[in-house]
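Chain A is the first sequence line, chain B the second, and so forth, proteins listed ahead of strands; every chain is numbered from 1. Since this is a predicted model, take the numbers as computed values, not measurements.
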There are 2 protein chains.
Amino acid sequence: MHGLLRARLIRGEMRPGAMVSLRTLAGEFGTSAMPVREAAGRLVSEGALEFVRNRGIRVPRMTRERLLDLTALRVFAETELVKRAAFLLPDEALQAARRADAAVNAAIAAGDAGAYMRANHAFHFGLYAAAASPVFFRLAESVWTQTGPVMSVVHASLSRLDYSDHHPRILEALARQDPAGAAEATRADIESGLDLIARAGFLTAPAGAAIDFAAA
Amino acid sequence: MHGLLRARLIRGEMRPGAMVSLRTLAGEFGTSAMPVREAAGRLVSEGALEFVRNRGIRVPRMTRERLLDLTALRVFAETELVKRAAFLLPDEALQAARRADAAVNAAIAAGDAGAYMRANHAFHFGLYAAAASPVFFRLAESVWTQTGPVMSVVHASLSRLDYSDHHPRILEALARQDPAGAAEATRADIESGLDLIARAGFLTAPAGAAIDFAAA
DNA sequence: GCGGGCGAAGTGTGATCTTACTTGTGCTGG
DNA sequence: CCAGCACAAGTAAGATCACACTTCGCCCGC
């Protein structure tokens, strides 16, 4: 239950600013409002949702400052995760990551933002799971939950040509058990994502103001 | 409500391994079990508590790996926070931090571990609040919630002479608006805390095993 | 004396109900 | 025609209830 709501955010299936009542969500999940309340509460406490009193829950709008902070966190957490995964990654996980990367490319070629979000998540977290660090894994999950909604909007508004693909570099570094190389490629991958947002003009909002994704 | 339970953990008022039922906690807080459930669920999802089915909630035992990860996270998050606070810290907050530091020293002199935990928390988070970064502030809070129980046990078992005080260096650096100096002093402060635990012999547990604080 | 099984007590979990509050709407008076 | 107010609909939040499950203790049988 809790995982379902989190997955919706990570996959970008809820837009920034979207508001929904607990009862509506409960109806979609086929349960009562209480489990939804609890799941939403957890996501509120990590900043991925916010309660609006007597209205429901809302996906927070993104500000430039928050996005930069979250990106810095992503770099820290995820470079650490791939560094550790370099020596622990089973062959089957590496091959699963190759398949996930192929799915990513297919989604880009098809211009399917939703499929891209899902495949990209599977690619990264399949690797991170091998790092055997609950602390950093949970942190990465938390950050993705917060950035999912905005990334979804960004990808949906972009041409398929804008992507510079760092995934092969990550895979090659992991295959030769090179932690530093994998970390560097991961950093490049994350920052190219931020660069994508910047080039799309989403970072021109005044300080503290919510980014206007409707302009996309 | 949610803050109350978190505060208990940060202040170290619940020992690692301690088990408590939701109904019992509800009685202590004077509410029904439901708000406690929700608060506990949030803390479970960030790793500060764990549900034991049909038994209640438990404060997780600490492993060496998890403690090292959490310490690395603390260094990252809190050096970032003080760097930003260096240019934003109001005079009154700096003076409040000086008072909090005096309370820390008084608690050490008195050998009062509980007072030390509270004053130390007030010192650090009074500074962090000025950094105006909800992302990193929440992260620091989350880490402290997870380390609170073990730190409490450690401090309660130590002589008052073992403390090397980095707080004045932090305050001086902030007073002259020196982000790098404040960050370095904060890093030293955090790592001296870890060193304290190591010297107390708590890090000799085999890999993956829960640290045995009863040996203190 | 000891071991196995049965029952009672206690637990989290989910549903339902009540309450207080916000908000949007439609009516009324100017 | 417009502004302001009152009412109604919808909401989250807390308490209470019902249920399935685990666990511990006691008792009976061997």
(message) Within the 4.5 Å heavy-atom criterion, are B:Pro60 and B:Arg66 side-chain neighbours or not?
(response)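 Yes, their side chains come closer than 4.5 Å.
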(message) Regarding B:His155 and B:Asn120, do their side chains bring together a donor and an acceptor under 3.5 Å, going by distance alone?
(response) no
(message) What residues from residues 53-61 of chain A pass a heavy-atom cutoff of under 4.0 Å to DNA chain C?
(response)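 Heavy-atom contacts with DNA chain C come from A:Arg53, A:Asn54, A:Arg55.
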(request) Would you mind telling me which residue lines up with the more 5' stretch of DNA chain C, A:Val52 or A:Arg23, judged by nearest nucleotide? (result)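 Residue closer to the 5' terminus by nearest nucleotide: A:Arg23.
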(message) Using whole Å, what does the distance between atom C1' of nucleotide D:dG14 and atom NE2 of B:His2 come to?
(response) 18 Å
(request) Round to a whole Å and report the spacing from CZ of B:Phe51 to C1' of D:dT22. (result) 16 Å
(request) Sequence neighbours left out, what passes side chain to side chain donor-acceptor pair (under 3.5 Å) with A:Asp195? Give chain and number order. (result) A:Arg199
(request) Give the intermediate values and the outcome of salt bridge (charged side-chain N to carboxylate O under 4.0 Å, His left out) for residues A:Glu50 and A:Arg61. (result) CA-CA 10 Å; A:Glu50 57 189 10; A:Arg61 295 208 149 79; over 6 Å; no
What are the atom names and distances for every N/O pair under 3.5 Å that joins the protein to nucleotides 14-16 of chain C?
unit_1, atom_1, unit_2, atom_2, d
C:dG14, N7, B:Arg37, NH1, 3.2
C:dG14, N7, B:Arg37, NH2, 3.3
C:dA15, OP1, A:Ser32, N, 3.4
C:dA15, OP2, A:Ser32, N, 2.8
C:dA15, OP2, A:Ser32, OG, 2.7

(message) Looking at A:Thr79 and A:Phe76, would you say the former's side chain and the latter's main chain have a donor-acceptor pair under 3.5 Å?
(response)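 It does hold such a pair.
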(message) Tell me whether B:Ser152 contacts the main-chain N or O of B:Gly148 through its side chain, where contact means a donor paired with an acceptor under 3.5 Å.
(response)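 The answer is no, because no donor-acceptor pair under 3.5 Å joins these two groups.
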(request) Please check if atom CZ in B:Arg138 has more than 12 non-hydrogen atoms from other residues, nucleotides or ligands closer than 6.0 Å. (result) yes
(request) Give a yes or no on whether a salt bridge exists between A:Arg84 and B:Asp69, defined as a side-chain N under 4.0 angstrom from a carboxylate O. (result) yes
